[in-house]
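First comes the structure, then the notes that go with it.
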Number of protein chains: 2
Amino acid sequence: MPDTITQSIQDYLKHIYELNEHGGSASTNDIAIRLNIAPASVTGMLQKLASATPPLVIYKKHQGVTLTKNGEKAALEVIRHHRLLETFLVTTLGYSWDEVHREADKLEHVISEDFEARMAEALGHPTRDPHGELIPTADLVMPVDESCPLASLRTDETATVRRVSDDDPALLRHLREIGVVPEVKIVVKSYSEFDGNLTLQVEGQKSNVVLGTAVTSQVFVDK
Amino acid sequence: MPDTITQSIQDYLKHIYELNEHGGSASTNDIAIRLNIAPASVTGMLQKLASATPPLVIYKKHQGVTLTKNGEKAALEVIRHHRLLETFLVTTLGYSWDEVHREADKLEHVISEDFEARMAEALGHPTRDPHGELIPTADLVMPVDESCPLASLRTDETATVRRVSDDDPALLRHLREIGVVPEVKIVVKSYSEFDGNLTLQVEGQKSNVVLGTAVTSQVFVDK
DNA sequence: AATAAAATTTAGGCTAGACTAAATTTTACA
DNA sequence: TGTAAAATTTAGTCTAGCCTAAATTTTATT
Ligand SMILES: [Mn+2]
Ligand SMILES: [Mn+2]
Ligand SMILES: [Mn+2]
Ligand SMILES: [Mn+2]
C-alpha cells in the first residue's frame, strides 16, 4: 500500500472498481465525471496511484486504468463499508433507501474496522444492501452476482427481484411505491416489442404495472 | 461563517471551547498539545480564524483566543455530534464507554444534520452522553452543569454521580468496575485529611471503596 | 530590576489535491 | 485516409494545513 490511502484515493479506487465491473478499463473522463473533478486532475492522480508502492492501478497513457490486486482490496474495503452502512442506516435509524447514499458516501471513509465488524454482527452478517447490491465479505471477496436485467425477460417468465440501481433517488422512490424491491417475485404478463415495455404482476400488489426500458434496465432479477 | 468550516477548523473550535470552559482564553500551547500540532501551526490557524468573516475567535498576540458567538455555535455543533454519537454507539452497537471516544472523534465531522436528528430521536433526546457530559441542545445551547468534584465532599455527605472525565480509557474501565458511573448514588463514609482519600459506599456495590484524589478529582457529582 | 526560561510568532518550506489553459493523442467519420 | 472532434496529458498555479528553525515576547526567579 502507499504510505496512506486518503479519503480521496479511496473514492478514486471505489469508482474505478465500479467502472471496471462493466467491461475493461476505466477512462480518465468517466472517472472525472463520477468524481466531479477536472480530467486533468484525474490524470495526475492516476499517475500517482500507478507509481505508488505497491501500485494500486495499472495505467497506460490514453488507455485508462485497471485496479491491481492491492487496489481492488482497498476498493472492496470501502465498498463493504458503504453497503454495510446503508443497511445499518436503514434498519437502525429509519432512513429510506433513497436517502442513505449520500450519508454512507462520507461515513465510509472514517469508520473503524471495529465499527464495520459491529455493524455486520448487529445486522446478522447481511449479504446485500438495501438496494440489493452484494456486500463484499469481511475478507474482501465480492460475491458473484448472477442476476440479469429485468428488461431481458419476456412474456410468462417469472423472476425474483434482486437488485435495483441506486443512482437515482427519484427512481428508487418510484420503485418503492410500485413494490418493486429486492426479494419480491414478479411475473411478466406481456412484452411489447415496439417500445420494450413490460407488463408485470408484482407480488403483493393489487394491479399490474407497465414499465419502460428506462426502468427495467435498472432492475436486476434472478430467474 | 468563513467559506467553509473544515474538519480541521472544527477540531480547533471544539478544543478551544473546552479550554475556554475552565477559565479565560485558550493558549497557543494548550491548543497545540490537545491537537498534537506544532505551536507555530496553531498560531497560523488562530490568525486565520480571527480574520475570517465573520471572525470565529478573538485573538490578541501572545494572549490566546476566545470564541466569538459564531465560533461557539460551530463548536457546539461539533460537540453535540460527538456526544450524541458516543451515546448512540454505546446503546446501539454495544461499544463500552472507553471505546467510543476515538470513533466519535472522526464521525463528528461527517454526519449530516439529518443523521444528528435521527440519533437524537432514536435515543429519546438524551441530555447527557455515556460519561455524563451534557449534550448541547438542538438549537446549540449548552445546558448548565452544576456538579462539583467528588474530591470536594466530606464525611457523611451524600451525592449522585453525574459525570466522569473521559480523557483516560483505563480510568473509565476502573470506574466501571467499581460501579462509579453516572446516576449512581454514593455516601462518603470517611475522609483522610492527609492524602485526601475518600472512603465511599457506592450504590449497588457490596463493599466500600477507597479512592485517591487522582480519581476523585475526575468524578463530578450533584449533592 | 535583570536575566533565564517558557511561550509565542515569524519566516520559509513542503505535500496533497485540486484548477485552467494549452498541447498532444486518439477516435470517429466523411 | 485525411481531418475534425473528443479525450487525454502536460505545464503551470493555487489553497489548506501542516512542518522546522530562528526571532521575539512574556513570565518567572532571583
Ligand atoms: Mn465517498
Ligand atoms: Mn447502494
Ligand atoms: Mn475530531
Ligand atoms: Mn465524551
Side-chain angles (χ1 to χ4, degrees), chain A residues 1-16 19-20 23-53 55-66 71 74-75 78 105-106 108-110, chain B residues 1-16 19-20 23-53 55-66 71 74-75 78 105-106 108-110:
Chain A
M1 308 288 162
D3 314 4
T4 52
I5 294 187
T6 63
Q7 296 196 12
S8 178
I9 290 176
Q10 287 180 358
D11 273 333
Y12 274 92
L13 295 176
K14 182 177 77 163
H15 284 100
I16 291 168
L19 288 166
N20 281 173
S25 62
S27 77
T28 301
N29 251 10
D30 288 348
I31 298 168
I33 289 166
R34 293 180 67 128
L35 292 174
N36 197 27
I37 278 175
S41 307
V42 173
T43 298
M45 180 60 93
L46 297 186
Q47 290 168 343
K48 194 168 90 174
L49 297 179
S51 53
T53 47
L56 297 171
V57 302
I58 293 164
Y59 169 70
K60 291 228 186 67
K61 266 190 198 176
H62 296 99
Q63 296 179 204
V65 285
T66 309
V78 182
D105 249 353
K106 290 196 295 184
E108 64 191 5
H109 308 292
V110 302
Chain B
M1 307 287 162
D3 314 4
T4 50
I5 295 188
T6 63
Q7 295 196 13
S8 178
I9 291 177
Q10 288 180 359
D11 273 334
Y12 274 92
L13 296 176
K14 183 177 78 164
H15 284 101
I16 292 168
L19 288 166
N20 282 173
S25 62
S27 77
T28 300
N29 250 10
D30 288 347
I31 298 168
I33 289 166
R34 292 181 67 129
L35 292 174
N36 198 25
I37 279 176
S41 307
V42 173
T43 298
M45 179 61 92
L46 297 185
Q47 289 168 343
K48 195 169 89 171
L49 297 179
S51 53
T53 48
L56 296 172
V57 303
I58 294 165
Y59 168 71
K60 292 227 186 66
K61 263 191 200 175
H62 299 280
Q63 296 179 204
V65 285
T66 310
V78 182
D105 249 354
K106 290 196 293 183
E108 65 190 5
H109 308 292
V110 302

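Per chain, numbering begins at 1; letters A, B, ... match sequence-line order.
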When you measure from the side chain of [X], which nucleotide among [options] comes out closest?
X	options	value
B:Ser41	C:dT9, C:dG17, D:dC19	D:dC19
B:Ala40	C:dG17, C:dT9, D:dT10	C:dT9
B:Ala38	D:dT20, C:dC19, D:dT9	D:dT20
A:Met45	C:dA18, D:dC19, C:dA7	C:dA18
B:Lys48	D:dT20, D:dA16, C:dT20	D:dA16

Take the protein atom [atom1] of [X] and the nucleotide atom [atom2] of [N], then report the distance between them rounded to whole Å.
X	N	atom1	atom2	answer
B:Leu46	D:dC18	CG	C1'	14 Å
A:Gln7	D:dA16	CD	C1'	15 Å
A:Asn36	C:dA18	CG	P	11 Å
A:Leu56	C:dA16	CG	P	14 Å
B:Ile31	C:dT9	CD1	C1'	14 Å
B:Lys60	D:dT24	NZ	C1'	20 Å
B:Asp11	D:dA16	CG	P	18 Å
B:Tyr59	D:dT25	OH	C1'	11 Å

When you measure from the side chain of [X] to the backbone of [Y], do you find a donor-acceptor pair of N or O atoms at a distance under 3.5 Å?
X	Y	value
B:Ser51	B:Gln47	yes
B:Asn29	B:Ile33	no
A:Thr28	A:Val42	no

For [N], does OP1 or OP2 lie under 4.0 Å from any side-chain N or O of [X]?
X	N	answer
A:Thr6	C:dG17	yes
A:Gln63	C:dT25	no
B:Ser8	D:dA16	no
A:Asn29	D:dA6	no
A:Lys61	C:dT24	no
B:Gln47	C:dT10	yes
B:Thr28	C:dT9	yes

Looking at A:Lys106 and A:Asp11, is any side-chain nitrogen of the basic one under 4.0 Å from a carboxylate oxygen of the acidic one?
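Result for this pair is no, no salt bridge flagged.
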What distance separates A:Ile31 CD1 from A:Leu13 CG, expressed to the nearest 0.5 Å?
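The CG atom of A:Leu13 is 9.5 Å from CD1 of A:Ile31, to the nearest 0.5 Å.
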Taking for each residue the nucleotide of DNA chain C with the nearest heavy atom, is it A:Tyr12 or A:His62 whose nucleotide lies nearer the 5' end?
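Nearest-nucleotide comparison on DNA chain C picks A:Tyr12.
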Taking the side chain as everything from C-beta on, heavy atoms only, tell me whether A:Glu108 gets closer than 4.5 Å to A:Lys14.
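Side-chain contact under 4.5 Å: yes.
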